[in-house]
Amino acid sequence: MDLSSAQRIAESESARTGLGSGPNRRLRLTMLIGMPLVFPVIGVMIFVPEFLRDDVLHVYEAGIIGCLLHYVWVFAKYPRYASRPPYLTRDLAMGGGFYLPSLLLGFWPGMIAAPGWAIFVGVCYVVEGMRERHGHR
């Protein structure tokens, strides 16, 4: 086994367990920070004066948009399945998880964009698999 193969195996194992490294780590941290944050936001909205509630909500909604744009940015850096680090396609599809916080807060752009993103990543994966099967590059 050469050094390149050993590094690829180590990266694969690192990506599969824990937070991984590189783009996998960034996407997982984006999800782990962005999604559960909905609960503290709801708590803050309970305790702030009524005139500030919309502002707190808009800041979190902007955060959801920022998280989804981060997923788009990583996809743009690794558009082809063959050039992606191991498990990155799975992590990219997990961006659809932002549907739940969007649903809890009634943020309709997130309710549309999050599942649409997961479908987009899945369709890209299938299309690229079909292209490879038929010999197109």
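Just so it is clear, the structure is predicted and the values come from calculations on it, not from any experiment.
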**Asked** Hey, are the side chains of Trp73 and Leu69 touching, using non-hydrogen atoms and a 4.5 Å cut-off?
**Response** no
**Complete:** CE (Met45) and CD (Glu50) are apart, to the nearest 0.5 Å, by 10.5 Å
**Asked** Looking at Ala118 and Ala93, what are the two nearest heavy atoms and their distance?
**Response** CB-O, 3.6 Å
**Asked** Pairs in or reaching into residues 30-43: which pass side-chain hydrogen bond (donor to acceptor under 3.5 Å, both in side chains), with residues at least two apart or in two chains?
**Response** Thr30-His70
**Asked** What's the shortest heavy-atom distance between Pro79 and Ala76, and which atoms?
**Response** CD-O, 3.5 Å
**Asked** Would Ile33 end up clustered with Val56 when hydrophobic side chains under 4.5 Å apart are linked, directly or stepwise?
**Response** no
**Prompt:** In the hydrophobic cluster built from side-chain contacts under 4.5 Å, what are the other members alongside Val127?
**Reply:** Ile119, Val123
**Prompt:** Nearest heavy-atom pair of Ala114 and Tyr99: which atoms, and what distance?
**Reply:** CB-N, 3.4 Å
**Fill in**
residues 119-129 vs salt bridge (charged side-chain N to carboxylate O under 4.0 Å, His left out), sequence neighbours excluded, gives Arg80-Glu128
**Asked** CG of Leu57 to CD1 of Ile42: how many Å apart, nearest 0.5 Å?
**Response** 9.5 Å
**Message:** Testing the basics here: between Ser102 and Gly110, what is the closest heavy-atom pair and its distance to 0.1 Å?
**Reply:** OG-CA, 3.3 Å
**Item:** For Phe75, all residues meeting ring pair (Phe, Tyr, Trp, His ring centres under 6.0 Å), sequence neighbours excluded
**Value:** Trp117, Phe120
**Item:** Cluster link Leu100 to Leu29, ILVMFWY, side chain under 4.5 Å
**Value:** no
**Request:** Would you give the length of the straight line joining atom CG of Leu105 to atom CD of Glu61, rounded to the nearest 0.5 angstrom?
**Result:** 6.5 Å
**Prompt:** Between atom NZ of Lys77 and atom CG of Leu88, what is the distance when rounded to the nearest 0.5 Å?
**Reply:** 10.5 Å
**Prompt:** What are the two closest heavy atoms between Ile46 and Arg53, and how far apart are they?
**Reply:** O-NH2, 3.6 Å
**Message:** Could you report the tightest heavy-atom contact between Tyr78 and Ser83, atom names first, then the distance?
**Reply:** CD2-O, 3.6 Å
**Item:** Pairwise side-chain contact, Val59 with Asp55, heavy-atom cut-off 4.5 Å (strictly under)
**Value:** no
**Message:** Test of understanding: clusters of I, L, V, M, F, W, Y form through side-chain heavy atoms closer than 4.5 Å, transitively. Do Ile64 and Met111 belong to the same one?
**Reply:** no
**Same apolar cluster (I L V M F W Y, side chains within < 4.5 Å links), Leu68/Ile112** = no
**Asked** How would you list, by chain and number, every residue that makes a ring pair (Phe, Tyr, Trp, His ring centres under 6.0 Å) with Phe39, sequence neighbours excluded?
**Response** none
**Message:** Quick check against the 3.5 Å criterion: does Tyr60 have a side-chain atom that pairs as donor or acceptor with the backbone of Gly34?
**Reply:** yes
**Request:** Could I get the full list of ring pair (Phe, Tyr, Trp, His ring centres under 6.0 Å) partners for Tyr125, not counting sequence neighbours?
**Result:** Tyr81
**Request:** Decide whether Met94 and Leu103 are clustered together by the hydrophobic rule: side chain heavy atoms of Ile, Leu, Val, Met, Phe, Trp, Tyr closer than 4.5 Å, transitively.
**Result:** no
**Prompt:** So, do Leu27 and Tyr87 sit near enough that their side-chain heavy atoms are less than 4.5 Å apart?
**Reply:** no
**Polar side-chain atom of Asp91 near backbone of Arg28 as donor-acceptor pair, under 3.5 Å** = no
